[in-house]
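None of the values given here were measured: they were computed from a predicted structure.
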Amino acid sequence: MIKFLCNKLGRDKGLEGFKAQGITPQYRILEGNELCQALKHKLFEESGEVRDASNKQEVIAEMADVLEVIDGLCKAYGISIQEIEQIKNEKYRERGGFEKGLYIETLEMEDGNPKVRHFRASPDKYPEI
C-alpha cells in the first residue's frame with residue numbers, strides 16, 4: 001500500500017469521494033479552537049489557489065472555495081455575514097476599497113513618527129530598507 005500525508009481540513013463530503021476512488025482516508029473530527037485554527041490555515045491555502053489561478057473561471061472557482069471557508073469560520077466563531085458586511089462597509093467608508101489599484105511601494109517617515117513602532121513590529125510584513 002502507498003500512503004500520503006495530507007494533514008489538512010477537508011470538505012464534509014470528501015470521505016465519500018475518496019472511498020469511491022478506492023482511497024482509504026485516516027481522519028478525525030476537529031472541534032473548537034482546533035477547528036478554528038484549521039479553518040484559518042485553509043483560508044491561506046485557498047487564497048493561494050486564487051493567487052495561482054490563471055483565468056477567470058479558475059479565479060471564480062477558487063473564490064467560491066474562499067467563501068466556503070469564510071462561511072465555516074463564521075459558523076465556528078458564531079459570526080453572521082451581516083456583521084462582516086457591516087465592518088466591511090465601515091472600513092470602505094473610512095479607507096475606501098481596492099478599485100483604483102493603488103500599490104504602495106514604500107513608506108518614508110521621520111524616525112520620531114509614532115507609526116515607526118507599528119511598522120517595526122512586523123519586520124516580515126514591512127522590512128526596513
Side-chain angles (χ1 to χ4, degrees):
M1 290 296 245
I2 299 170
K3 190 182 247 185
F4 294 95
L5 186 64
C6 193
N7 282 338
K8 67 179 195 173
L9 191 62
R11 285 184 174 260
D12 295 341
K13 295 182 181 179
L15 294 178
E16 295 141 18
F18 284 131
K19 290 174 183 176
Q21 297 171 48
I23 299 169
T24 304
Q26 285 185 316
Y27 66 94
R28 59 194 173 95
I29 304 298
L30 304 181
E31 296 177 331
N33 188 55
E34 196 175 21
L35 174 58
C36 292
Q37 293 307 311
L39 284 161
K40 290 176 185 179
H41 286 290
K42 191 69 170 179
L43 185 58
F44 272 101
E45 176 190 332
E46 297 298 346
S47 295
E49 291 177 11
V50 171
R51 178 197 61 223
D52 296 340
S54 60
N55 61 55
K56 183 178 178 178
Q57 285 309 114
E58 287 179 10
V59 170
I60 291 169
E62 299 306 336
M63 286 176 64
D65 290 343
V66 168
L67 287 175
E68 189 63 44
V69 176
I70 290 171
D71 285 346
L73 281 164
C74 285
K75 289 175 186 148
Y77 280 96
I79 299 169
S80 72
I81 292 295
Q82 292 77 18
E83 288 176 271
I84 295 171
E85 283 289 331
Q86 179 184 347
I87 300 300
K88 175 187 167 277
N89 291 336
E90 288 172 11
K91 286 185 172 190
Y92 183 85
R93 282 191 297 278
E94 292 173 15
R95 304 179 196 170
F98 297 100
E99 295 92 2
K100 292 181 182 178
L102 176 65
Y103 186 81
I104 301 166
E105 294 177 341
T106 64
L107 296 167
E108 190 171 347
M109 63 201 77
E110 296 292 330
D111 193 38
N113 188 307
K115 281 295 198 176
V116 168
R117 173 179 257 152
H118 167 77
F119 293 111
R120 283 185 174 155
S122 303
D124 291 340
K125 190 175 177 183
Y126 303 108
E128 197 166 338
I129 52 174

Do side-chain atoms of [X] reach the backbone of [Y] as a donor and acceptor pair under 3.5 angstrom?
X: Asn113; Y: Met109; result: no
X: Ser122; Y: Lys125; result: no
X: Glu62; Y: Val59; result: no

Of all the heavy-atom pairs spanning [X] and [Y], show the shortest one and how long it is.
X: Val69; Y: Glu46; result: CG2-CG, 4.0 Å
X: Met63; Y: Val50; result: N-CG2, 3.8 Å
X: Cys74; Y: Ile81; result: SG-CD1, 3.9 Å
X: Lys19; Y: Pro25; result: CG-CD, 4.5 Å

Between atom [atom1] of [X] and atom [atom2] of [Y], what is the distance when rounded to the nearest 0.5 Å?
X: Glu34; Y: Leu9; atom1: CD; atom2: CG; answer: 10.5 Å
X: Gln26; Y: Cys6; atom1: CD; atom2: SG; answer: 11.5 Å
X: Glu45; Y: His41; atom1: CD; atom2: NE2; answer: 11.0 Å
X: Glu68; Y: Asp71; atom1: CD; atom2: CG; answer: 5.5 Å
X: Ile87; Y: Ile79; atom1: CD1; atom2: CD1; answer: 10.0 Å
X: Lys3; Y: Met1; atom1: NZ; atom2: CE; answer: 9.5 Å

| Arg120 and Asp111 ion-paired at < 4.0 Å | yes
| said: Salt bridge or not between Glu16 and Lys13? Use side-chain N to carboxylate O under 4.0 Å. | reply: no
| said: If you count heavy atoms of other groups shown closer than 6.0 angstrom to CD of Glu90, is the number above 12? | reply: yes
| said: So for atom CG, which belongs to Asn55, do other residues, nucleotides or ligands contribute more than 12 heavy atoms lying within a distance under 6.0 Å? | reply: yes
| Aromatic plane relationship, Phe119 with Tyr126 - under 30° parallel, 30 to 60° tilted, over 60° perpendicular | perpendicular
Spell out, yes or no, whether [X] and [Y] are grouped together once hydrophobic residues are joined by side-chain heavy atoms under 4.5 Å, including indirect joins.
X: Ile84; Y: Leu73; answer: yes
X: Phe44; Y: Leu39; answer: no
X: Leu35; Y: Tyr27; answer: no
X: Ile29; Y: Leu15; answer: yes
X: Leu102; Y: Tyr92; answer: no

| message | Checking Lys91 against Lys88 for the side-chain contact (heavy atoms from CB on, under 4.5 Å) test, could you report, in this order, the C-alpha distance in whole Å, the side-chain angles of both residues, the deciding distance, and whether it holds? | response | CA-CA 5 Å; Lys91 286 185 172 190; Lys88 175 187 167 277; 5.9 Å; no
| message | Could you check whether Gln82 and Gln86, counting side-chain N and O atoms only, form a donor-acceptor pair closer than 3.5 Å? | response | no
| Min side-chain heavy-atom separation Arg11-Asp65 under 4.5 Å | yes
